[in-house]
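Read through the structure below, which is laid out as C-alpha cells, and then see the notes.
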There are 2 protein chains.
Amino acid sequence: MKKSSILIIEDNVDIRENISELLMLSGYTTYEAPNGKLGVTMALERLPDLILCDIMMPELDGYGVLHILSKHQQTLHIPFIFLTAKAEKTDMRRGMTLGADDYITKPFDESELLVAIENRLKKSHHKLEFATVGGQFNDLFAHKVIKTYGAKQLIYTEGDTPAYIYFLHQGKVKIVKMNKDGKEVVLELCSNDDFFGYWGVLEDQNHQETAEVLEDSVIWQIPVEDFTLLLVHNREVSMRFLKLLSKNLLLKENKMLELAYESVRKRVANALVALSDIYAVNGHFCMRVPRELIASMAGTSVETAIRMLSEFKADAYIDIASSEITILNYEMLKKAPF
Amino acid sequence: MKKSSILIIEDNVDIRENISELLMLSGYTTYEAPNGKLGVTMALERLPDLILCDIMMPELDGYGVLHILSKHQQTLHIPFIFLTAKAEKTDMRRGMTLGADDYITKPFDESELLVAIENRLKKSHHKLEFATVGGQFNDLFAHKVIKTYGAKQLIYTEGDTPAYIYFLHQGKVKIVKMNKDGKEVVLELCSNDDFFGYWGVLEDQNHQETAEVLEDSVIWQIPVEDFTLLLVHNREVSMRFLKLLSKNLLLKENKMLELAYESVRKRVANALVALSDIYAVNGHFCMRVPRELIASMAGTSVETAIRMLSEFKADAYIDIASSEITILNYEMLKKAPF
DNA sequence: CGGCATATTGAAGAACATCAAGTAAAGTGG
DNA sequence: CCACTTTACTTGATGTTCTTCAATATGCCG
C-alpha cells in the first residue's frame with residue numbers, strides 16, 4: 001500500500017524539519033512550506049493527503065490557509081490538522097468551526113502526532129464515500145455548518161422541528177428519551193463519525209428525542225433540505241441511510257429484549273461494555289462517566305446502577321478510583337449471566 | 001368522488017342479478033357475466049375496479065378466470081373476490097394462493113359483501129403505489145409467490161437466511177425475539193398490508209427475529225433479489241422503505257422507554273390497546289388472544305399478565321367471558337397512570 | 001475552606017417472578 | 001358425540017429483585 005503524502009506548513013525551521021524527518025521515518029512523503037502563502041500554493045499544486053499547519057505565521061496565518069483551501073473543490077476534503085502552541089479552548093473552537101479536522105498542541109510527543117495523522121487518514125476515506133463529486137446536490141456536506149458544543153449542551157430537544165441532521169465529527173453525544181416522570185433512557189451513544197438526528201425527518205415529524213453533548217464536540221450540521229433532496233436523488237446517500245436505519249433498528253430490537261428480561265446486573269454490565277467501547281480507546285481502559293448516564297443506559301435508578309458497580313468492583317471486574325472507572329475484565333462483563 | 005365499477009361473474013341468474021341490484025343501489029356501476037369465458041372478455045374490455053367471481057361455473061371455472069386475468073398486465077392488479085358455496089378451507093387456500101384477494105361464502109348477507117368490497121377497493125389503492133408500471137424490475141410484486149399459512153406456523157426463525165421479504169395480504173403475524181432463557185418479546189404485530197422480514201436484508205444479515213402466524217394468513221413473498229434491486233433502482237420503493245424503517249425505529253424507541261420505566265400494569269394496558277387496534281375492527285371489541293401473547297408484548301410473565309387482566313376486569317375496563325376479552329373502556333386503558 | 005454537586009451505602013417496602021395447584025377449554029380418537 | 005387427554009387459563013403463596021427515601025461521604029470549584 002502506497003504511503004500518503006503530507007504537507008507541513010510551519011514557519012519555525014527547527015520544528016518543521018523535525019516533523020518532516022519523523023514523518024519520513026514513518027514512511028510518509030512530505031512537503032514543507034515556511035509560510036501560509038507558500039503553503040496554499042503547494043497544497044493546490046501537490047494535493048497532499050493531509051495537511052499539518054501552524055496557526056501563528058507571518059504573511060498568512062493558519063486560519064487564512066484553511067479558509068482559502070476550503071474554497072477550492074480539490075483541497076476541500078483534505079484532512080487539516082492545526083499545530084499550535086497555546087492550548088486555549090476558544091482558539092481550538094475557532095479552528096474547528098472553520099473546518100479543521102483536529103488540533104494538536106505543541107509540544108507534542110511523536111506518537112501523539114502519528115496517531116492523530118493515521119486516524120485522520122483513515123477517516124477521510126470514510127467521509128469521501130459521501131462526497132461524490134458532480135452536481136450541486138451531490139455532496140451531503142456541501143452546505144454544512146460546523147459548530148462546537150460544550151459538555152451538557154443540548155443540540156436539540158424532544159419536540160423541536162428538525163432544521164439540520166447532524167454528523168458528529170469529533171466528541172461524544174447521547175441521544176435520550178424521557179418519560180413523563182422525568183426518567184431517561186439512552187437510545188444511542190454517538191461517537192466520532194456518527195450521524196444522528198435524522199430519524200424523524202423522513203416522517204416529517206418533530207424530534208422525538210433529545211441530543212445532549214457529553215464532552216466538547218465538533219458537529220457538522222447539514223440542512224434538512226439538502227438531506228431530503230439527496231435522499232431522493234442520490235442513490236449512494238439513500239442506500240447508506242437505509243443501511244444505517246436498519247442497523248439501528250436491529251440494535252434497538254436487541255435493546256428491547258434486554259430491557260424486558262435481563263437482570264439489572266446484566267444490563268449495567270452491558271452499559272459498561274458499550275461505554276468502554278467508546279471511551280476507552282487506545283489501550284487505557286479508564287473512563288470518567290457520570291453514574292446517571294450508566295443508569296439511563298441500563299434503564300434503572302442511579303442507586304441501583306451504583307450498587308452493581310460496587311458488586312463488580314468486589315468481583316474485581318472493574319476498579320473505581322475517585323469515581324473513575326477502570327475495566328479490569330472486559331470479557332467477563334461481556335459474557336452471559338455470570 | 002366517482003363510484004367504482006364492479007364485474008360480477010356468476011352463472012346463477014338469480015344470484016347474479018340480486019348482487020348487481022344491491023351494488024347498483026350502493027352506487028356502483030356493474031357489469032354482469034354469466035360464465036367464465038365471457039367474464040374474462042368483459043374484464044379485459046371494461047377493466048373494472050373490482051371483480052366478484054363464482055368458483056363453480058360451466059365453460060371456465062373461477063380459478064381459470066383468475067389465472068388468465070393474472071397473466072394480463074392490465075387486469076393483474078384488479079382486486080379479485082371469490083364467491084363460493086362451500087366454505088372449505090382447502091378451497092379457500094387454493095383461491096388465495098392463486099392470488100385472489102378475498103373469499104366470500106354464500107349465503108352472505110349484504111353488509112358482509114359491501115364491507116369486503118369497500119375494503120378491497122381501499123386497499124388496492126395502497127398497493128398500486130408500489131406497482132409502478134414500466135421495466136421488468138419496476139414492480140415489487142412482479143415475482144411474488146403467494147402462500148397461505150395456518151395459525152402457529154413459523155414463516156422464518158432467528159438465524160434463517162432471508163430468501164424473501166414478506167407482505168401480509170391478509171391475516172396476522174407476530175414478529176418475536178427470544179432470549180437465551182426462552183423468554184419472548186413481541187417486536188411487532190403485523191396485520192393486513194404490512195411488510196415484514198426486510199430488516200436484516202440490507203445489512204446482508206440473517207434474520208434476527210422469528211415470524212409466527214397468529215391466524216390463517218395469506219402472505220406474498222417477494223424474492224430478496226427483487227427487493228434489493230428495486231431498493232437501488234426505484235426511488236419510490238427506496239423512499240417507501242426509508243419511511244417504513246424510520247417509523248419503525250421511532251416506535252421501537254418508545255417501546256424501549258416503556259419497557260424500561262413503565263409499570264407492568266401500564267404495559268399490559270398498552271398491549272391490550274395495541275391488540276384491540278388490530279383485532280377489534282368494525283365495532284365489536286371482542287378478541288380471543290392467548291395470554292402468552294399479551295405477556296410477551298408487555299415483556300412480563302404470563303401469570304403477571306393474567307393478574308393485570310383480572311385487575312382490569314375488576315375495574316370494569318374489560319370483560320372476560322370464556323377467555324375472550326372484551327374492551328369496555330378503551331380510553332381508560334389508553335390514558336396515563338390510572 | 002465552605003458550599004454544591006455527585007457518589008455511595010443502608011434500610012424498608014413495593015413490584016414482580018416463580019412455583020404450585022387447581023379449573024376451564026379445546027382437541028382426539030374410539 | 002362423548003370420555004379422555006392435553007393444553008391453556010387462573011389464583012394463591014412465597015421469595016427475590018429492584019426502587020425509593022434517607023443519610024452520609026467524597027470530589028470539585030471558586
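Throughout, a chain's letter reflects where its sequence line sits, starting with A, and its residues are numbered from 1.
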Only pairs under 3.5 Å count here: list side-chain donor-acceptor contacts from residues 302-309 of chain A, not counting sequence neighbours, and write none if there are none.
residue : atom : partner : partner atom : Å
A:T304  : OG1  : A:S301  : OG           : 2.9

Any base atoms under 4.0 Å from [X], or only sugar-phosphate, or nothing? Heavy atoms, all strands.
X	result
B:R288	sugar-phosphate
A:R267	nothing
B:I320	sugar-phosphate
A:K183	sugar-phosphate

Find the distance [X]:[atom1] to [N]:[atom2] and express it as a whole number of Å.
X	N	atom1	atom2	result
B:L309	C:dA24	CG	P	18 Å
B:L259	D:dC18	CG	P	15 Å
A:E303	D:dT17	CD	C1'	15 Å
B:E324	C:dA25	CD	P	11 Å
B:I306	C:dT18	CD1	P	14 Å
A:E262	C:dC16	CD	C1'	16 Å
A:I318	C:dA7	CD1	P	13 Å
B:K313	D:dC9	NZ	P	14 Å

_A:T300 side chain, from C-beta outward: closest of C:dA17, C:dA25, D:dC18_ =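 Looking only at heavy atoms from C-beta outward on A:T300, the closest nucleotide is D:dC18.
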*Measure from the side chain of B:S310, starting at C-beta and using heavy atoms only, and say which of C:dA25, C:dA17, D:dT11 lies closest.*
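Per side-chain heavy atoms of B:S310, the pick is D:dT11.
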*asked:* So, under a plain 3.5 Å distance rule, would you say the side chain of B:R307 forms a donor-acceptor pair with the base of C:dT18?
replied: yes
Flag, side chain of [X] to backbone of [Y], donor-acceptor distance under 3.5 Å:
X	Y	result
B:D181	B:K183	no
A:Y261	B:E184	yes
B:S217	B:K172	yes

Measuring to OP1 and OP2 of [N], would you say a side-chain N or O of [X] lies under 4.0 angstrom away?
X	N	value
A:T304	D:dC18	no
A:K152	C:dT6	yes
A:S322	D:dG27	no
B:S263	C:dA15	no

*What residue among B:R265, B:E258, B:E262, B:K255 forms side-chain hydrogen bond (donor to acceptor under 3.5 Å, both in side chains) with B:N270?*
B:E258
*asked:* In the structure I gave you, are the side-chain heavy atoms of A:M287 and A:I327 within less than 4.5 Å of one another anywhere?
replied: yes
*Could you verify whether a donor N or O on one side chain and an acceptor N or O on the other, from A:Y330 and A:D277, lie under 3.5 Å apart?*
yes
*Say whether A:E209 and A:Y156, considering side chains only, have a donor N or O and an acceptor N or O under 3.5 Å apart.*
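Yes - a donor-acceptor pair under 3.5 Å links their side chains.
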*Residue mapping more 5' on DNA chain C - nearest nucleotide basis, A:P290 or A:Y261*: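 Checking each residue's closest nucleotide, the 5'-ward one belongs to A:P290.
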*Relative orientation of the end axes in the helix from C:dC1-D:dG30 to C:dG30-D:dC1, expressed as an angle to the nearest 10° (five pairs per end)*: 50°
